[in-house]
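Written out below as structure tokens is the structure these notes cover.
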Amino acid sequence: MLRISHTIEQQLINAIARAFPDAAELAQSRGESLNPAFGAASKPEFGDFQANGALALSKCLGKPPRQIAVAIAEQLKLDPEFNQICKPAEIAGPGFLNITIKPEVLAQELQIQLADPRLGVAPVSAEGNGFSPEVIVDFSSPNIAKEMHVGHLRSTIIGDCLARVLEFRGYQVKRLNHVGDWGTQFGMLITQLKELAPEALDTADAIDLGDLVAFYRGAKERFDSDIEFQAISREEVVKLQAGDPTSLKAWGLLCEQSRKEFQKIYHTLNISLQERGESFYNPYLQAVVSDLAQAGLLVIDDGAGCVFLEGMLSKEGTPLPLIIQKSDGGFNYATTDLAAIRYRFDKAGDGAKRIIYVTDAGQANHFAAVFQVAKRAGWIPPEASIEHVPFGLVQGVDGKKLKTRSGETVRLKDLLAEAVEHCSNDLRKRIKEEDRSESEDFVKQVSTTVGLAAVKYADLSTNRITNYQFSFDRMLALNGNTAPYLLYAVVRIKGIARKGGILNTKQTADLIFDQPQEWILARQLLQFDQVIQDVEIELLPNRLCSYLFELSQSFNRFYDQVTVLKAEEPARSSRLALCGLTAKVLELGLNLLGIETLERM
RNA sequence: GCGCUUGUAGCUCAGCGGAUUAGAGCAUCUGACUACGGAUCAGAGGGUCGGGAGUUCGAAUCUCUCCAGGCGCGCCA
């Protein structure tokens with residue numbers, strides 16, 4: 001319903017300009033446009049939209065706000081196009097204009113949404129010049145030779161959701177996995193590999209490194225205790241950076257092994273990613289340093305190449321440096337991040353218009369610093385945007401960082417398996433209690449879908465900026481704002497379809513509603529495009545979650561209180577259409593969250 | 001110490017480019033199963049929106065300050 005919303009807003013602006021030409025002129029002379037303070041109604045009783053602009057106008061016009069609202073409403077009454085869409089605007093409180101759309105217009109909009117495979121969400125290419133800008137979503141980004149753990153959960157899930165929403169809107173999305181595949185830790189890993197499995201370097205597939213975590217730990221232990229091993233490892237880093245073939249071979253083997261492990265998790269989560277690790281930017285690092293030097297931004301301090309930041313102070317109150325080149329001549333993550341920004345915006349590189357980094361909130365300072373330097377160096381095009389999308393820590397129910405019982409970091413693999421297992425146990429119990437008989441395949445498929453959905457939904461449904469309490473009990477609850485509740489709403493609609501109702505998605509007859517539950521549902525369905533747009537701009541998946549939850553609630557009320565299959569025509573067809581559209585919106589919405597839906601559960 | 005961030009019902013959280021009576025869910029209590037799966041629905045109680053000050057006709061929302069928690073703070077990412 002965004003199109004109608006824009007139309008009404010413009011009609012309001014015109015009405016204000018007609019009622020108060022002076023105010024319009026004043027706004028124009030200031031280079032501003034009149035602000036009707038227009039938006040969705042804060043409560044259903046207020047209609048569909050509200051405009052609070054009269055209150056702000058009262059100051060500069062020196063008139064009581066209610067009088068201004070009356071004048072605007074008078075002008076709206078004279079606009080035939082407005083009258084076609086809306087009932088007469090009502091004045092409430094100190095001077096709010098409450099606007100209600102005519103039922104027949106809502107029904108017509110619903111018809112359009114029903115017939116549209118995109119369910120009313122316009123593609124971005126339809127808005128401007130037919131061009132689909134490129135957006136990069138940088139997320140997940142685990143480290144090579146380490147296992148994915150809870151720390152990677154949020155970035156992976158939130159990043160995937162944002163990528164899905166942007167893709168659906170029609171942007172060309174690159175989902176980049178900026179894996180940690182370079183750095184000093186490879187010295188010890190390669191040294192360990194050469195000693196433990198030298199044959200792996202000569203023969204293809206000669207060895208399976210097996211548990212990489214144990215391998216990493218072994219290397220780390222030797223590095224910490226064995227001085228000779230340390231020295232060899234340091235030499236190995238130098239060799240690797242110099243491009244020694246044997247070292248590169250070993251490096252490649254380690255990366256490949258990790259890649260296989262990561263891929264298993266991504267496959268389980270149904271997430272696709274394009275790997276482009278830190279090493280990709282190696283050829284561009286030197287240029288970052290020399291160009292910053294040329295721009296006069298680089299300062300050598302304590303032997304390190306730094307850019308001193310504006311507006312950020314260190315402990316001592318001196319300007320904080322961003323180190324671009326270490327005193328030993330080596331580069332660090334800031335260098336890589338700068339090289340990446342440059343490459344991604346550059347037309348010769350990705351040519352992106354928007355870059356989104358989904359990482360934990362702890363890196364906020366780092367990104368602020370890197371973005372500032374990139375901006376000062378002129379590497380961010382004027383039309384482009386670069387955003388850090390931060391999220392809080394995953395905590396246990398005790399409010400502390402999530403750990404296993406033995407105090408270790410929780411492996412992502414185990415966490416997902418546990419969610420599925422919880423679900424499987426619940427489902428078996430339920431099947432027994434309800435005296436149903438279901439196949440093993442059914443149990444397996446349902447519990448996998450629900451378990452993973454629960455993990456994803458719990459993460460996405462809370463505002464990502466705050467820390468997040470991870471609790472299997474809460475996320476798998478059948479009631480409340482949880483994945484199972486939403487999935488159940490879909491299943492109920494599927495049940496109606498099975499019982500013989502054809503859920504017309506291309507309705508031709510008129511939609512006739514006479515129950516309040518129907519109107520509530522209809523109005524909510526029409527808000528889908530607005531919600532998608534909000535998520536696209538604000539990058540907050542919880543907005544979409546709240547919407548889907550409220551939609552499910554409205555549907556469940558409707559389902560409970562209004563009969564569908566046994567209703568008389570034309571109510572029956574209209575209600576079936578409503579069910580069909582609800583299912584489509586829920587399915588698409590959940591899909592954009594990365595969640596699969598079910599026919600039965 | 002500095003920076004970022006959070007503080008809303010017993011618990012988990014929405015709302016935060018100001019506006020009509022501050023919203024959900026869980027938990028608690030009370031109701032509803034011969035209409036499409038009750039994994040549901042209807043209802044009740046529960047709040048000085050961390051404290052204080054300011055801007056405003058109007059602040060959970062903006063500003064300042066204090067208090068409390070989390071995270072980070074020059075050569076790891």
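Chain letters run A, B, ... following the sequence lines, proteins first, then strands; residues in each count from 1.
A heavy atom closer than 4.0 Å to some atom of RNA chain B occurs in Phe549(A), Gln553(A), Asn556(A), these being the qualifying members of residues 548-556 of chain A.
Side chain of Gln325(A) to backbone of Gly329(A): a donor-acceptor contact under 3.5 angstrom is found. A donor-acceptor pair is defined here as one N or O able to donate and one able to accept, closer than 3.5 Å; such a pair exists between the side chain of Asp181(A) and the backbone of Ser279(A). Checked by atom type and distance alone, the side chain of Asp302(A) never pairs as donor or acceptor with a backbone atom of Ala304(A) at under 3.5 Å. Between the side chain of Thr156(A) and the backbone N or O of Ser140(A) there is no donor-acceptor pair closer than 3.5 Å.
Using a 4.0 Å heavy-atom cutoff across all strands shown, Asn98(A) reaches at least one base atom of the nucleic acid. Residue contacts shown for Thr462(A) are limited to sugar-phosphate atoms, with no base heavy atom under 4.0 Å away. Base contact: Ala92(A) has a heavy atom under 4.0 Å from a base atom. Among the protein residues, Asp360(A) comes within range of no part of the nucleic acid, since none of its heavy atoms lies under 4.0 Å from any strand. Residue contacts for Asn542(A): at a heavy-atom cut-off of 4.0 Å it reaches the sugar-phosphate backbone alone, with no base atom in range. Looking at heavy-atom distances under 4.0 Å, Arg66(A) makes no contact with the nucleic acid at all. Note on Ala56(A): a base of the nucleic acid sits closer than 4.0 angstrom, heavy atoms only. Contact annotation for Gly362(A): backbone-only contact, meaning every heavy-atom pair under 4.0 Å involves sugar-phosphate atoms and none involves a base.
The same atom, P, is picked in A59(B) and in G52(B); the two are 14 Å apart, to the nearest Å. Here, U61(B) and G54(B) have their P atoms 14 Å apart, quoted to the whole Å. Using P as the reference atom, U8(B) and G45(B) are 23 Å apart when rounded to the nearest Å. Nucleotides U63(B) and A19(B) place their P atoms 15 Å apart, quoted to the nearest Å. The C1' atoms of A60(B) and U21(B) are separated by 15 Å, rounded to the nearest whole Å. Here the separation of G15(B) from G31(B), taken at their C1' atoms, is 31 Å to the nearest Å. Using atom C1' as the reference point in both C49(B) and A22(B), the two lie 8 Å apart (nearest Å). Taking atom P on both nucleotides, G43(B) is separated from C4(B) by 45 Å, rounded to a whole Å.
Side-chain rings of His178(A) and Tyr333(A) stay apart, their centers remaining 6.0 Å or farther from each other. Aromatic ring centres of Phe46(A) and Phe96(A): separated by at least 6.0 Å. Separation of the Tyr457(A) and Phe549(A) ring centroids does not fall under the 6.0 Å cut-off.
Protein atom CD1 of Ile520(A) is 13 Å distant from nucleotide atom P of C41(B), rounded to whole Å. Separating the OH atom of Tyr216(A) from the C1' atom of A77(B) is a distance of 11 Å, rounded to the nearest angstrom. Between the P atom of A39(B) and the NZ atom of Lys429(A) lies a distance of 14 Å, rounded to the nearest Å. In this structure, Arg154(A) atom CZ and C71(B) atom C1' are separated by 14 Å, rounded to whole Å. Spacing between atom CG of Asp459(A) and atom P of A14(B) amounts to 12 Å, rounded to whole angstrom units. Distance OH (Tyr357(A)) to P (A77(B)): 15 Å, rounded to an integer number of Å. Atom CE in Met312(A) sits about 18 Å away from atom C1' in G1(B), given to the nearest Å.
Nearer the 5' end of RNA chain B, as judged by each residue's closest nucleotide, is the contact made by Phe46(A), out of Gln395(A) and Phe46(A). Sequence order on RNA chain B of the closest nucleotides to Ala364(A) and Phe96(A) puts Ala364(A) first from the 5' end.
A salt bridge is absent between Lys456(A) and Glu596(A); no separation between the charged side-chain nitrogens and carboxylate oxygens falls under 4.0 Å. Look at Asp426(A) and Arg430(A) and you find no salt bridge, because none of the NZ, NE, NH1 or NH2 atoms lies under 4.0 Å from a carboxylate O. Ion pairing of Asp534(A) with Arg543(A) is absent here, as no side-chain N (NZ or NE/NH1/NH2) approaches a carboxylate O to less than 4.0 Å.
A cation-pi arrangement is found for Arg276(A) relative to Phe280(A), the charged atom lying closer than 6.0 Å to the ring centre and inside a 45° cone about the ring normal.
With sequence neighbours left out, the side-chain contact (heavy atoms from CB on, under 4.5 Å) criterion links Ser233(A) to Met188(A), Thr191(A), Phe223(A), Phe229(A). Shown here are the side-chain contact (heavy atoms from CB on, under 4.5 Å) partners of Thr563(A), two or more places apart in sequence or in another chain: Lys566(A), Ala567(A), Arg575(A). In this structure, Gln395(A) has no side chain to side chain donor-acceptor pair (under 3.5 Å) partners at least two apart in sequence or on a different chain.
Closest approach to the Leu320(A) side chain among C75(B), C73(B), A42(B) is made by C73(B) (side chain taken as heavy atoms from C-beta onward). Side-chain proximity of Leu427(A) to U20(B), C75(B), A39(B): nearest is A39(B). Of the candidate nucleotides G70(B), C75(B), A39(B), A39(B) has the atom lying nearest to any side-chain atom of Met601(A). In the set C16(B), U20(B), C41(B), C41(B) carries the atom at the smallest distance from any side-chain atom of Asp560(A). Checked against A39(B), A42(B), C13(B), the side chain of Arg557(A) finds its nearest nucleotide in A42(B). Of the listed nucleotides (C13(B), G72(B), C76(B)), G72(B) has the atom at the smallest distance from the side chain of Asn365(A). Of the candidate nucleotides G3(B), C16(B), G38(B), G38(B) has the atom nearest to the side chain of Arg492(A).
Aromatic ring pairs are classed by plane angle as parallel below 30°, tilted from 30° to 60° and perpendicular above 60°; the pair Tyr468(A) and Phe470(A) is perpendicular.
Regarding contacts with the backbone of G23(B), a side-chain N or O of Lys43(A) is found under 4.0 angstrom from either OP1 or OP2. Residue Gln561(A) places none of its side-chain N or O atoms closer than 4.0 Å to OP1 or OP2 of C41(B). Taking only side-chain nitrogens and oxygens, Arg474(A) never comes nearer than 4.0 Å to OP1 or OP2 of C26(B). Taking only side-chain nitrogens and oxygens, Tyr485(A) comes nearer than 4.0 Å to OP1 or OP2 of C41(B). Taking only side-chain nitrogens and oxygens, Arg543(A) comes nearer than 4.0 Å to OP1 or OP2 of G15(B). A sub-4.0 Å separation between OP1 or OP2 of G70(B) and a side-chain N or O of Lys401(A) is absent. Side-chain nitrogen and oxygen atoms of Thr482(A) include none within less than 4.0 Å of the OP1 or OP2 phosphate oxygen of G25(B).
Counting heavy atoms from C-beta outward, Val535(A) and Glu538(A) have side chains that stay 4.5 Å or more apart.
In this pair, Tyr333(A) does not lay its aromatic ring on the base of C76(B); centres under 5.5 Å and planes under 30 degrees do not both hold.
With a 3.5 Å limit on both pairing distances and Watson-Crick or G-U wobble geometry required, the stems of 3 or more pairs in RNA chain B span B:1-7 with B:67-73, B:10-13 with B:23-26, B:28-32 with B:40-44, B:50-54 with B:62-66.
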Open item on the list: Please encode protein proximity along nucleotides 5-10 of chain B as a string of B, S and -, counting only heavy-atom distances under 4.0 Å.
Closed with: SS----
